Amino acid sequence: MNIEKAKNYLKRILQNDHIPVYLHSSPGIGKSSICKQVSAELGWSFIDLRLSTMSPVDLCGVPFVNKEHTMANWLRPSVFPNEDSKDNYLILFDELSNVPMTMQNAAYRIILD
């Protein structure tokens with residue numbers, strides 16, 4: 001599949017299904033660029049997360065003890081939109097296959113949720 005065809009498929013999937021999409025190919029072919037282009041064409045906000053420059057805490061948040069001191073809750077990282085937002089977002093987890101397994105696990109937790 002060429003990059004233009006991948007862009008068209010990505011756009012169609014995001015418009016209709018809102019499911020996670022994984023693009024895999026050689027480095028430097030334009031996967032990140034088409035994600036940015038598609039988000040602009042759809043009028044969505046674009047969040048580009050370069051996973052190789054992040055740690056799992058950057059994605060999962062920081063734990064804190066609740067008022068009753070009975071459990072830990074997690075502070076949502078500021079890189080993600082507010083839960084109340086009605087806007088659409090395309091969140092790119094860039095370089096997913098090239099980061100350590102701990103980082104992949106953190107990213108997959110978010111992707112699957």
Side-chain angles (χ1 to χ4, degrees):
M1 175 181 309
N2 65 33
I3 198 72
E4 190 62 34
K5 198 177 239 184
K7 178 181 174 183
N8 292 332
Y9 279 124
L10 174 63
K11 192 172 182 179
R12 188 172 347 141
I13 290 168
L14 293 176
Q15 285 177 306
N16 298 315
D17 300 323
H18 297 279
I19 59 172
V21 177
Y22 182 77
L23 299 175
H24 181 80
S25 71
S26 303
I29 200 130
K31 297 177 298 293
S32 303
S33 294
I34 67 165
C35 290
K36 188 173 185 177
Q37 291 170 21
V38 165
S39 66
E41 290 171 14
L42 294 175
W44 293 12
S45 297
F46 181 64
I47 299 173
D48 186 350
L49 301 176
R50 302 291 166 145
L51 297 180
S52 61
T53 65
M54 301 173 78
S55 72
V57 172
D58 294 333
L59 285 182
C60 296
V62 178
F64 69 95
V65 179
N66 69 353
K67 289 181 185 180
E68 296 80 26
H69 295 274
T70 57
M71 65 174 38
N73 293 321
W74 291 82
L75 295 173
R76 186 180 48 78
S78 62
V79 295
F80 295 113
N82 289 330
E83 293 175 4
D84 301 335
S85 177
K86 302 293 184 212
D87 297 333
N88 288 313
Y89 291 84
L90 192 156
I91 302 174
L92 173 63
F93 290 89
D94 207 358
E95 304 171 8
L96 180 61
S97 62
N98 297 327
V99 296
M101 189 57 69
T102 54
M103 193 63 192
Q104 288 182 22
N105 289 339
Y108 285 132
R109 180 177 155 228
I110 295 165
I111 292 167
L112 294 173
D113 286 347

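Sequential numbering from 1 along the given sequence is applied to the chain's residues. The analysis underlying the following values was restricted to heavy atoms, covering all of them including side chains, and did not include hydrogens, waters or symmetry mates. Not measured: the values here are computed from a predicted model.
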Give the minimum heavy-atom separation between Ser45 and Ser39, together with the two atoms involved. O-CB, 4.4 Å
Set of salt bridge (charged side-chain N to carboxylate O under 4.0 Å, His left out) partners for Asp58, sequence neighbours left out: none
For Lys31, which residues count as a salt bridge (charged side-chain N to carboxylate O under 4.0 Å, His left out) partner, sequence neighbours excluded? none
Under a single-linkage definition using a 4.5 Å side-chain heavy-atom cutoff for Ile, Leu, Val, Met, Phe, Trp and Tyr, are Val38 and Met1 assigned to the same hydrophobic cluster? no
Treat each ILVMFWY residue as a node, draw an edge where side-chain heavy atoms are under 4.5 Å apart, and state whether Leu92 and Leu42 are in one component. yes
Start with the C-alpha distance between Lys7 and Leu10, add both sets of side-chain angles, then the distance that settles side-chain contact (heavy atoms from CB on, under 4.5 Å), and finish with yes or no. CA-CA 5 Å; Lys7 178 181 174 183; Leu10 174 63; 5.7 Å; no
Residues in side-chain hydrogen bond (donor to acceptor under 3.5 Å, both in side chains) contact with Thr70, at least two apart in sequence or another chain: Asn66
Residues two or more places apart in sequence or in another chain: which of them pass side-chain hydrogen bond (donor to acceptor under 3.5 Å, both in side chains) with Asp94? Ser32, Arg50
Tell me every residue that passes side-chain hydrogen bond (donor to acceptor under 3.5 Å, both in side chains) with Gln15, counting only those two or more places apart in sequence or in another chain. none
Could you list the residues that satisfy salt bridge (charged side-chain N to carboxylate O under 4.0 Å, His left out) with Lys36, not counting sequence neighbours? none
Nonpolar side-chain network containing Phe64, other nodes, edges under 4.5 Å: Leu75
Only pairs under 3.5 Å count here: list side-chain donor-acceptor contacts from residues 79-86, not counting sequence neighbours, and write none if there are none.
| residue | atom | partner | partner atom | Å |
| --- | --- | --- | --- | --- |
| Asn82 | OD1 | Arg76 | NH2 | 3.0 |
| Ser85 | OG | Asp87 | N | 3.2 |

Show me the side-chain donor-acceptor pairs of residues 101-113 shorter than 3.5 Å, one per line, residues at least two apart or across chains.
| residue | atom | partner | partner atom | Å |
| --- | --- | --- | --- | --- |
| Gln104 | NE2 | Leu96 | O | 3.3 |
| Gln104 | NE2 | Val99 | O | 3.0 |
| Asn105 | ND2 | Met101 | O | 3.3 |

What I'd like to find out is whether the side chain of Cys35 reaches to under 4.5 Å of the side chain of Leu90, using heavy atoms alone. yes
For Ser25 and Ile29, which heavy atoms make the closest approach, and how far apart are they? OG-CG2, 2.9 Å
Flag side-chain contact, heavy atom, 4.5 Å: Val57 against Val62: yes
Is there a path of hydrophobic side-chain contacts, each under 4.5 Å between heavy atoms of I/L/V/M/F/W/Y residues, joining Phe93 to Tyr22? yes
With sequence neighbours left out, the residues meeting ring-ring contact (aromatic ring centres under 6.0 Å, His included) with Trp74 are none
Let me check something: do Tyr9 and Ile19 share a hydrophobic cluster, defined by ILVMFWY side-chain heavy atoms less than 4.5 Å apart, either directly or through other members? no
By side-chain hydrogen bond (donor to acceptor under 3.5 Å, both in side chains), Ser33 pairs with (sequence neighbours left out) none
From CA spacing to verdict: side-chain contact (heavy atoms from CB on, under 4.5 Å), Ile34, Ile3: CA-CA 8 Å; Ile34 67 165; Ile3 198 72; 3.7 Å; yes
Any pair counted as ring-ring contact (aromatic ring centres under 6.0 Å, His included), so long as it reaches residues 36-55, sequence neighbours left out: His18-Trp44
What's the verdict on side-chain contact (heavy atoms from CB on, under 4.5 Å) for Leu59 and Leu51, showing C-alpha distance, side-chain angles and the deciding distance? CA-CA 9 Å; Leu59 285 182; Leu51 297 180; 3.8 Å; yes
